[in-house]
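Quick notes on the structure that follows.
Throughout, numbering of the chain's residues begins at 1 and tracks the sequence. In listed order, ligands and their atoms are each counted from 1.
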Amino acid sequence: MPESVVDPVDTVTEVPVAVVGAGPAGLMLAHRLGRAGVAAVAVDLRTREEIATTHRAGILEADAARDLVETGVSDRILREGHEHEGTELRFGGRAHRIDFRALVGASVWLYPQTEVFTDLADARERDGGTVHFGVRDTEVLDAATDRPRVRFTAADGTRHELRARYVVGADGSRSTCRGLVPEALRTRYGTEYPFAWFGVLVRAPASAPELVYAHSEHGFALISQRTESVQRMYFQCGPDERTEDWPDERIWETLQARVAGADGFRLAEGPVLERSVLRFRSFVQEPMRWGSLLLAGDAAHTVPPTGARGLNLALHDVKVLAGVLLRALGGEGEAALADYQPLALRRIWRAQHFSSWMTRLLHTAPGATPFELRRQLGELDSVVATRAGRAYLAEQYTGWPTAA
Ligand code: DHB
């Protein structure tokens, strides 16, 4: 009996590329393919509203910002984003500026991931790309063959099947696509951290013109910005911390203690609009391709948020992947796909190292000995006290050139 009789679908769509996950990675991939005349249909379990209101990172490499403009997604970043030519490391109660422009001739853009997503979702709509948000029961079938399919129930209850040549798993850090790669063929590398971030959005004026990454004996804090009147801040907390236990006063007391110093620096306070606990880890799954399935972004690798590599890395993956898929579909076939992992992976492992290094540099492990705290201060001092140290941080933070 044909399978369609057993499990009928209402709509069958033939499309070169099906993308599972319509976050920034999935949508940017679909956008890049669409520009080259190759259709891609993206599906996501979350509604558009859910993705647009889930606060994530805020820093884009200059190359990623330029790509948004030059590929025609949107130029809103140029008007509403803020170019930052440096950042501040705070430790021992003092500020130390890392001048990206002077050190490595580079900058980054403060432009929240939620805005990147909104620009991409608007661009897909404008360009006539199909994106199904709020789907259920997504299933990838026959990924090992050259006729993979994606089945799902759309938000209106209709059953769909995408018949594709390639399926891309861009379904985030809790990816189900990566689990399709047979256990015997995959390797997972990773490490956990004994802390998390408590993230807040607050209504207050900015406390600093650039980001402040603060180390203190009480733990890490990050002071970021959003708008003139709304700011984003994070502080290190236990992985099992509950937001209910953190009234505004306790949050401000904690943040102030972590940035306090002889220079009298104080944060401008205001009501806390939103709070959440972000757990994190370092993770990579290899291979990034199995049969007709390719993994991109957080689905293949996650980094801790320190250093803001996650979104940038995902955007780099799909830049490389779009090129490889266009070559494969343009006649080169399978052979082109072999280039994806080596090109993507070099940057992935650099970013794994940098994110993990910056996390360990700035956070206080529970039970850290006085020796460990002083060693950390020695490491921080060796970063800021020499041009080579500052340039290292600046170079890693502002990103690396795109893999060819
Ligand atoms: C932001 C988040 C980060 O993880 C980071 O390293 C820098 C900025 C942010 O949300 O603004």
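- Side chain to side chain, T47 and E50 meet the donor-acceptor criterion of an N or O pair below 3.5 Å.
- Every protein residue with a heavy atom nearer than 4.0 Å to ligand 1 is included here: R56, A57, G58, I59, W197, L211, Y213, L222, S224, R226, R232, Y234, P305, G307, A308.
- Between the side chains of D119 and Y111, a donor-acceptor pair is found at a separation under 3.5 Å.
- Under 3.5 Å, the side chains of E88 and H96 contain no donor-acceptor pair of N or O atoms.
- For residues 289-342, no residue pair satisfies the ring pair (Phe, Tyr, Trp, His ring centres under 6.0 Å) rule, not counting sequence neighbours.
- Between the side chains of T243 and R275, no donor-acceptor pair is found at a separation under 3.5 Å.
- In this model, a donor atom of one side chain and an acceptor atom of the other lie less than 3.5 Å apart for S107 and E83.
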